[in-house]
Amino acid sequence: MNAGETIFVFVAGLLPLGYVAYVLGKRRALEARAGGAPIHSQPGQYGWFSVVSMALPALAVALVAAFADLLGLYQTPKPMILVASLLVAAAGLAVGLRAVRPDLRARNALDRLIRWILLLAALVSILTTLGIIVSILFEAVRFFQLVSFWDFVTGTDWAPDTAFISGAGREGEAAPQPLFGSVPLFAGTFMVTAIAMAVSLPIGLLSAIYMSEYASHGVRGMAKPTLEVLAGIPTVVYGFFAAITVSPFIVDVANSVGLDASYNNILAPGIVMGIMIIPFISSLSDDVINSIPQDLREGAYALGTTKSETIKHVLLPAALPGVISAFLLGVSRALGETMIVVMAAGLRPNLTLNPLEDMTTVTVRIVDALTGDQAFDSAETLAAFALGLVLFVVTLTLNLISTIMVRKFRAKYD
Amino acid sequence: MDLSQADSTRLRRRYRAEKRFKAYCIAALAMSVLFLVVFFADMISQGYPAFVQAEVRAEVTFSEQTMEIPPLSVPEAFRPLVSRGELRLLPEYARNNPTVMGTTETRWLLAKADIDQYLKGKDVNLPEDVRRTVDRLYEQGQLELNFNTYFFANGDSKLPELSGIFAALMGSVAVLALTLAFSFPIGVMTAIYLEEFARDNRFTQAIEVNINNLAAVPSILFGLLGLAVFINFFGVPRSSVLAGGLTLGLMTLPIIIISTRAALRAVPDPIRLGAFAMGCSRWQVVRDHVLPVSLPGILTGTIIGLAQAMGETAPLLIIGMIAYIPEAPSGIADAATVLPAQIYTWAGMPDRAYVERTAAGILLLLAVLISMNAIAVYLRKRFERRW
């Protein structure tokens, strides 16, 4: 009996029991009312009360058994779990039905239960964060047992390709030591982020200024959704566009002015990533500029400033925390962006300042390590988790700073 | 006199600066629009040729011999033109329709990718005599570019002319269905808890901060989570619909929570107070009064979240959904591929004939995404209530 069949039998057993519980509970309540006693809640609620008192213990038994099984603590034969949980269900039903009396506050009990269920749902998102942290941290720690943290942070050579030899248990054979110096990867990530922000910050900010200060209502209504389209294009599509159209174009332009460019140059993914980030910058800046009180503008106009002077000397300084927060959010997007660089940037770790050369990034290397045919506990796969850990810490910090800055800005003007 | 002249030159300078600044702003916006135009023009021009496909009209002979050696079933002149994949299907056709045995019929057969690319004017490496045959047959109407049904009916294939998007589309539908089944109830329940039930204390604030951060975590990290937790710990099969659906579900969760909270917050308090005054319990207020009026907003947010999940690739690469998977999944434990993953796989193929299929796949993906967003906008416009 596999897991799917067990769940099926369990549910198939519980559903009719639930129906019986509902009918019996409701009937008991109705009988009590017919007997002349005023009942506290609606009859249906007594029905649901019996269903819950039947199903809850049964589910608890099944879940405990399933988890014990999964963690390898204790193996119980599946039919035994089924019989046990259905027996508990029947017992729960008996107890629940006995509890159905006219003065039982079934409605309040149900409300409390629903509150707990909703709380459990809310905990899923906390568990997700914990899951990300624990899973990445756990593997990253294993990686740092193999490779020293100092070498990882300061090494300038990333050559993990020989890691599979020790992974295959063939230690001591003549092969160069795998090197895990992450500096060139971070240099590539930094380069692509810098290019992306150099494209998206001016365009996004100026677009936002135009939409909030200059544009008529109609133009604004057209421009805003147009920019949103940029945010809706999947990153894999951007990646294809960068690799097939933008990269060759850059190579042609570079050749025509006598420069040498690689087809995997880091400039193409950088520019395309910048275009992808424009809507993030523009919509957040637009919100921020719009929420600056009108008094500030009118005060400036009363002093005789032109519109652009008002914007440059009054609005932008006032909006600065919000704009910085948009910038940081954009940076965090660019750092974690994967598909564009995987498809358009190179795989070669390269420490350079020339954007026409190929460079690789952290995310490219994560994908490369995890889509290969390496054993899961080889140093290269574990390295992917170490890189993921750095990525998580950096983006989390940026996001938190960004959130705090926006909150400060709102507190000032709201 | 001097003073006012100095003033007016300075004023003119200031007005010029004003015009310049406004021009910069317009240029910035125009650049985004220009990019969009170039982008869509490029994708359409690269992708539309894939909607037609070269087919050859040839006499097909069904006999014992051709059952054994399929290439013999077409005349020798046609052999370099017809797709190997198509020829391999002929014996199966004959087995399923025994009446055709021993007969000869004229059929349209799928041409090789090279022939197809040559007819579409692409640069391909074809021997001179084959080029001449192709040109002659094309003029005689024996070779035509017909609507490409293969692209919409087939799964992935190692032969570019046979490869199609169907399996990936079905995979996307299956994964998204699971994503929805997982993230919609939990997301809406979380939002109801935070907006309607929770007291404003430290714990609630922690959940809120956590959800906002989760929405900004790079998607690839969800892939690492899926790999470590679902696949390695819970033993969900790699590349399966279940692994993909759960991973994307966790990713979509914060989006659904945030938009549902906004929809719940838009419901004015007097509705709640009125229901409380009639003696409703908190759950009854939410179920019978708050949820029904906020449903359009919740659905809009959910569709937008799903559209985002539909275009997501990075986490799915990590959990192995880019393997060569030519079949549509038939269960949640089956290996599946999805539209963006298929696009990624084709984009990495060395054969040039895959480029137009990649672009066509992108057009299909964009069409699906645009329709999903259009539905969301329609829902919002149609059912939006101002209080």
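Per chain, numbering begins at 1; letters A, B, ... match sequence-line order. Fair warning: this is a prediction, and the values are worked out from it, not measured in the lab.
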Answer with side chain, backbone, both or neither: which region of [X] has an atom nearer than 4.5 Å to a non-hydrogen atom of chain A?
X	result
B:Ile332	neither
B:Glu196	neither
B:Ala215	backbone
B:Arg238	side chain
B:Leu194	neither
B:Leu366	side chain
B:Leu253	side chain
B:Phe203	side chain
B:Ala359	both
B:Met43	side chain
B:Val355	both

If you count every heavy atom of other residues, nucleotides or ligands that lies below 6.0 Å from [X] atom [atom1], does the total exceed 12?
X	atom1	result
A:Tyr301	OH	yes
A:Phe138	CZ	no
B:Arg352	CZ	no
B:Met31	CE	no

Kindly give the heavy-atom pair with the smallest separation between [X] and [Y], and that separation in Å.
X	Y	value
A:Thr338	B:Ala314	CB-CB, 3.7 Å
B:Ala216	A:Ser332	O-OG, 4.2 Å
B:Val217	A:Ile132	CG1-CD1, 4.3 Å
B:Ile211	A:Ser125	CG1-OG, 3.6 Å
B:Leu224	A:Ala384	CD1-O, 4.4 Å
A:Gly232	B:Leu369	O-CD1, 3.9 Å

Measure the shortest side-chain to side-chain distance between [X] and [Y] over non-hydrogen atoms and say whether it is less than 4.5 angstrom.
X	Y	value
B:Thr190	A:Val124	no
B:Phe39	A:Val272	no
B:Leu29	A:Leu227	yes
B:Tyr193	A:Ile117	no
B:Ile318	A:Ile366	yes
B:Ser32	A:Ile203	yes

What part of [X] lies closer than 4.5 angstrom to a heavy atom of chain B: side chain, backbone, both or neither?
X	value
A:Leu119	both
A:Ile114	side chain
A:Gln45	side chain
A:Val342	side chain
A:Arg107	side chain
A:Thr395	side chain
A:Ile278	side chain
A:Leu120	neither
A:Tyr214	side chain
A:Ile311	side chain
A:Leu123	side chain

Is a side-chain donor or acceptor of B:Arg282 paired with a backbone partner of A:Asp111 at a separation under 3.5 angstrom?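 Such a contact is absent between B:Arg282 side chain and A:Asp111 backbone.
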
Do the side chain of B:Asp42 and the main chain of A:Phe241 share a donor and acceptor less than 3.5 angstrom apart?
->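 No: the side chain of B:Asp42 does not pair with the backbone of A:Phe241.
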
Most chain B-contacting option - heavy-atom pairs closer than 4.5 Å, from A:Val134, A:Ile275, A:Thr226: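 Looking at each of A:Val134, A:Ile275, A:Thr226 in turn, A:Ile275 comes out on top.
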
Any idea which of A:Gly336, A:Pro225, A:Pro234 has the most non-hydrogen atom pairs under 4.5 angstrom with chain B?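 Ranked by heavy-atom pairs under 4.5 Å with chain B, first place is A:Pro234.
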
Say you draw a straight line from [atom1] of [X] to [atom2] of [Y]; how long is it, rounded to the nearest 0.5 Å?
X	Y	atom1	atom2	value
A:Leu118	B:Ile186	CG	CD1	11.5 Å
B:Asn213	A:Thr129	CG	OG1	7.5 Å
B:Leu214	A:Leu396	CG	CG	10.0 Å
A:Thr403	B:Glu208	OG1	CD	12.0 Å
B:Ser219	A:Met339	OG	CE	9.0 Å
A:Arg105	B:Ser281	CZ	OG	13.5 Å

| query | Between B:Trp283 and A:Leu110, does a side chain to side chain contact (heavy atoms under 4.5 Å, CB included) hold up when you go through it step by step? | reply | CA-CA 9 Å; B:Trp283 171 240; A:Leu110 285 178; over 6 Å; no

With side chain to side chain contact (heavy atoms under 4.5 Å, CB included) as the criterion, how do A:Ile233 and B:Leu36 come out once you've worked through the C-alpha distance, each side chain's angles and the decisive distance to 0.1 Å?
CA-CA 10 Å; A:Ile233 296 175; B:Leu36 271 181; 4.1 Å; yes

*asked:* I'd like to check the salt bridge (charged side-chain N to carboxylate O under 4.0 Å, His left out) partners of A:Arg407; sequence neighbours left out, ordered by chain and number.
replied: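 With sequence neighbours excluded, A:Arg407 shows a salt bridge (charged side-chain N to carboxylate O under 4.0 Å, His left out) to no residue whatsoever.
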
Below 30° counts as parallel, above 60° as perpendicular, anything between as tilted: where do the rings of B:Phe35 and A:Tyr238 land?
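Ring orientation, 0 to 90° scale: parallel.
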
side-chain contact (heavy atoms from CB on, under 4.5 Å) partners for A:Thr306, two or more places apart:
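So A:Thr306 forms a side-chain contact (heavy atoms from CB on, under 4.5 Å) with A:Ser308, A:Glu309, B:Arg14, B:Tyr15, B:Glu18.
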
